[in-house]
Participant: 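Sharing a structure below in C-alpha cells format, with a few things to ask.
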Amino acid sequence: MIRVLFVCLGNICRSPLAEAIFVNKVNAAKLQTRFKCDSAGTSDFHIGELPDDRTIKCASKYNLPLKHRARQVNRTDFRDFEYILAMDENNLRSLNNLKVRYGFADKEIHLMRDFVTETQGMPVPDPYYGGDEGFEEIYHILDGAIDSFLAQIKETHQLYV
Ligand code: 4NP
C-alpha cells in the first residue's frame, strides 16, 4: 500500500482539494487498492471542520466527492505516510521542524509542485484570503501537479494497468 498525505496550513482549502483530485485519478486508473490517501493541516485553526465553502463549490464543479474533516498533522503521520506533500514553503518548514521533533529527521518531505520540472520550488498559493478565482487557479495547479506526481509514483512503484 502506497500512502500519500497532502498537507497545507488549515486543511480546509488546498490539501482536501488535492486529496479529492488524487483519489479521483487513482479511481479512474483502477489503482484504488494500491493507495491510501489523506490530508492534514500544520495548524490547529480548523480542526474538525468541513472544507471551506469555496473548496466545496470548486470540488462540486469538477464532480469531486469531498468527505474530509480538518485535522492537524501528528507524529504518526511521519511514520505512516510514505509520501508527504506540502503545498508551500511555510508548510514545508513546519513539517521539517515537526519531523525532527518527532524523531523522523531523515524523512523526506516534498513540495507539491516539485513533481513538475518547470514549477519546482513554486507554491500552490494560499487561496484563503482571496475570492473564488483563487480556488479555480489552485484546482488547475493541483490537477497538473498531481498528474505528474502520479505518473512518477506509477513509474517508481511499477504500477501498470
Ligand atoms: P489552506 O487555506 O491552508 O489551503 O486550508 C487556509 C485555511 C485557513 C487559513 C489559512 C489558509 N487560516 O488562516 O485560517
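Counting starts at 1 for both ligands and their atoms, following the listed order.
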Participant: When you check the gap from the basic side-chain N to the acidic O, do K99 and D106 get nearer than 4.0 Å?
Facilitator: no

Participant: Check this for me, if you would: do R14 and D88 make a salt bridge, where the nitrogen-to-carboxylate-oxygen distance has to be below 4.0 angstrom?
Facilitator: yes

Participant: Are R71 and D38 within salt-bridge range, i.e. N to O under 4.0 Å?
Facilitator: yes

Participant: Parallel under 30°, tilted from 30 to 60°, perpendicular over 60°: which one fits the rings of F35 and F22?
Facilitator: perpendicular

Participant: Report the residue from H68, R69, H46 that forms a side-chain hydrogen bond (donor to acceptor under 3.5 Å, both in side chains) with N11.
Facilitator: H68

Participant: Mind telling me whether F115 and H110 have parallel, tilted or perpendicular rings, with 30° and 60° as the class edges?
Facilitator: tilted

Participant: Any idea which residues sit under 4.0 Å from ligand 1, heavy-atom distances?
Facilitator: C8, L9, G10, N11, I12, C13, R14, F45, H46, D126, Y128, Y129

